[in-house]
Amino acid sequence: MKRDILRVTEGWAAVSGKMPSNKSVSEAAITQFINCRILKDHRLQREDLWVREGKILDPEKLFFDEEGYADVCVDCEGGIVAPGFIDVQINGGFGIDFSQATNDVNGGVTLVAKKLLEHGVTSFCPTLVTSPPHIYHKVLPQIKVHDGGVDGAGVLGVHLEGPFISLEKKGAHPEAYLRAFPTGGAGDLLETYGRLDNVSVVTLAPELPNSLAVVRELARGGVTVSLGHSVASLSQAEAAVKEGASFITHLFNAMLPFHHRDPGIVGLLTSDQVPAGRTVYYGMIADGIHTNPAALRIAHRAHPSGLVLVTDAITAMGLPPGRHTLGQQVIEIEGLHAYVAGTKTLCGSIATMDMCIRHFKQASGCSVEAALEAASLHPAQLLGLTHLKGSLDYGTDADFVMLDDELNVRATYIAGQQVWKK
């Protein structure tokens, strides 16, 4: 995409018709993005985007309080500017499996983080599937929580999917490593995981004995508790929500199907037992394979503000068909399907986030704004990060993506710096 970078003597005059009189009180450079439609307050608006020191800047305060101006002007050529995408469930990709205890786990995470920039993802949660304790003990200490930049998307924390899940709905998770909850609450989880300080999300089955105490302790400790790989009834799911659970892992997949007498976890989308002021969010793999478009539409129309797009991507994302690994299992890629080798059990997707956004918009008939917010605002709300991520509000991190009208990614920015360009 063509980028016209203009010094202020040219850019300001072109935009405002006048020359600046005073430099900003801050010596940091100010960048003004013009000729764009920015996603703000749930709608695309034709206004400029201002960035300084990695943050979205309020131009009114700049003009009137500081009498400042732009140092650099970037022409977005009429494109869409949206908050950077956040993927809270991604198992790996581009040949990397986050659940493999290599000697350079962080190097693998960094490789994936770099490639994700091409798809507009500026932050993500590396996800570990059910594994034996020694895998967690070796892998978790090597994954560092950090901001994104030219080296790749930022890591918001690890998503631990299992091993405290249902045998009946284990999906692609290896049965040999499933575990029951300890009686001592979340504190005893260290026996399995080794550490929790860099963990953002834990997926568990709420029907397991002692689960509610664990949910309560994790939620109080700032961990997002997600319900999934479960045969829980609606009442069991509601009990977990009352203790602090706030997410559903890949809705419809690896859970009891909807039944009119007991809708199970799916019933949380319209439950009247969710505490006042709380929102239950739910992940959806909008790859055209994991969820029928009709089911996608049902979920979205029932609870649009809770939908969070996830890729659930595995090692084979970005790789050719064939056999690859996922945690302790061998998986096989056939077209756009990823199966446990020798079976027809789906085991994650090979879709990228931008693909999921486009499919979600097409399948659901939702607006461009709704599709983009499902990959940015909603995951930020889920993780309690809206003061930093998920919007283009003043003061938030200047992590954003430039797209064309077909929602193809043209460029990705982190902290106001271009980190990838088509």
Side-chain angles (χ1 to χ4, degrees), residues 1-8 10-18 20 23-24 26 28-86 117 120-123 147-150 153-154 354 357 367-369 371-373 375-377 380 385-405 407-422:
M1 178 177 68
K2 179 182 177 183
R3 288 264 187 268
D4 294 322
I5 309 298
L6 310 174
R7 293 307 300 169
V8 63
E10 301 171 342
W12 180 270
V15 175
S16 66
K18 62 181 180 181
K23 176 63 184 171
S24 164
S26 170
I30 297 170
T31 303
Q32 178 187 13
F33 295 83
I34 66 168
N35 190 20
C36 54
R37 291 162 289 154
I38 70 172
L39 178 56
K40 190 174 179 182
D41 298 327
H42 313 296
R43 61 189 180 90
L44 291 176
Q45 305 184 42
R46 283 202 172 274
E47 65 178 71
D48 297 347
L49 186 71
W50 298 74
V51 175
R52 179 172 63 192
E53 296 182 308
K55 299 288 185 177
I56 305 296
L57 193 61
D58 181 350
E60 186 172 310
K61 289 184 177 180
L62 173 67
F63 300 151
F64 295 105
D65 295 351
E66 303 181 26
E67 299 184 17
Y69 52 83
D71 298 278
V72 178
C73 186
V74 178
D75 185 351
C76 301
E77 300 177 343
I80 294 170
V81 175
F85 306 146
I86 301 171
L117 299 177
V121 175
T122 54
S123 301
D147 293 330
V150 292
D354 53 327
I357 292 169
S367 66
V368 168
E369 293 90 339
L372 293 171
E373 287 187 341
S376 54
L377 177 62
L385 295 174
T386 51
H387 60 297
L388 297 172
K389 311 286 185 185
S391 76
L392 299 178
D393 292 344
Y394 303 141
T396 59
D397 293 347
D399 297 352
F400 54 90
V401 58
M402 293 184 179
L403 310 106
D404 61 24
D405 287 347
L407 302 183
N408 298 301
V409 177
R410 292 161 55 179
T412 304
Y413 284 74
I414 293 180
Q417 181 179 9
Q418 186 182 89
V419 293
W420 182 82
K421 175 183 175 182
K422 186 173 182 179

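These values consider heavy atoms only, across backbone and side chains, with no hydrogens, waters or symmetry-generated copies.
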Next item on the list: Apply side chain to side chain contact (heavy atoms under 4.5 Å, CB included) to the pair Leu44 and Ile80, showing each step before the final yes or no.
Entry: CA-CA 8 Å; Leu44 291 176; Ile80 294 170; 3.9 Å; yes
For residues [X] and [Y], report the shortest heavy-atom separation together with the two atoms involved.
{"X": "Gly390", "Y": "Ile86", "answer": "N-CD1, 4.3 Å"}
{"X": "Ile414", "Y": "Ala153", "answer": "CD1-CA, 4.1 Å"}
{"X": "Ala29", "Y": "Arg52", "answer": "O-CG, 3.7 Å"}
{"X": "Gly416", "Y": "Val51", "answer": "CA-CG1, 3.8 Å"}
{"X": "Leu39", "Y": "Pro83", "answer": "CD2-CD, 3.9 Å"}
{"X": "Tyr69", "Y": "Trp50", "answer": "C-CZ3, 4.4 Å"}

Side-chain donor/acceptor of [X] to backbone N/O of [Y], under 3.5 Å:
{"X": "Asp397", "Y": "Lys55", "result": "no"}
{"X": "Asp71", "Y": "Ile30", "result": "yes"}
{"X": "Thr412", "Y": "Leu117", "result": "yes"}

Checklist line | Close side-chain approach of Val368 and Leu407, heavy atoms under 4.5 Å | finding: yes
Margin query: What I'd like to find out is whether the side chain of Pro59 reaches to under 4.5 Å of the side chain of Asp48, using heavy atoms alone.
Written below: no
Item checked: Any residue meeting side chain to side chain donor-acceptor pair (under 3.5 Å) with Lys40, in chain and number order, not counting sequence neighbours -> Tyr394
Item checked: Chi angles and distances behind the side chain to side chain contact (heavy atoms under 4.5 Å, CB included) call for Leu372, Leu403 -> CA-CA 11 Å; Leu372 293 171; Leu403 310 106; 4.3 Å; yes
Side chain to side chain contact (heavy atoms under 4.5 Å, CB included) against [X], all qualifying residues, sequence neighbours excluded:
{"X": "Gln417", "answer": "Val150"}
{"X": "Asp404", "answer": "Glu406, Asn408, Arg410"}
{"X": "Ser391", "answer": "Asp393, Thr396"}
{"X": "His42", "answer": "Glu373, Leu377"}

Please round to the nearest 0.5 Å and tell me the distance separating atom [atom1] of [X] and atom [atom2] of [Y].
{"X": "Gln418", "Y": "Thr31", "atom1": "CD", "atom2": "OG1", "value": "11.0 Å"}
{"X": "Phe63", "Y": "Glu60", "atom1": "CZ", "atom2": "CD", "value": "9.5 Å"}
{"X": "Cys36", "Y": "Glu77", "atom1": "SG", "atom2": "CD", "value": "11.5 Å"}
{"X": "Asp399", "Y": "Ser376", "atom1": "CG", "atom2": "OG", "value": "11.5 Å"}

Note to self: Suppose we screen for salt bridge (charged side-chain N to carboxylate O under 4.0 Å, His left out). Which residues come up paired with Asp41, at least two apart in sequence or across chains?
What the structure shows: none
Next item on the list: Apply ring pair (Phe, Tyr, Trp, His ring centres under 6.0 Å) to Phe400 and list each qualifying residue two or more places apart in sequence or on a separate chain.
Entry: Phe33, Tyr413
Next item on the list: Show the numbers, then the answer: is there a side chain to side chain contact (heavy atoms under 4.5 Å, CB included) between Ile38 and Glu47?
Entry: CA-CA 7 Å; Ile38 70 172; Glu47 65 178 71; 3.4 Å; yes
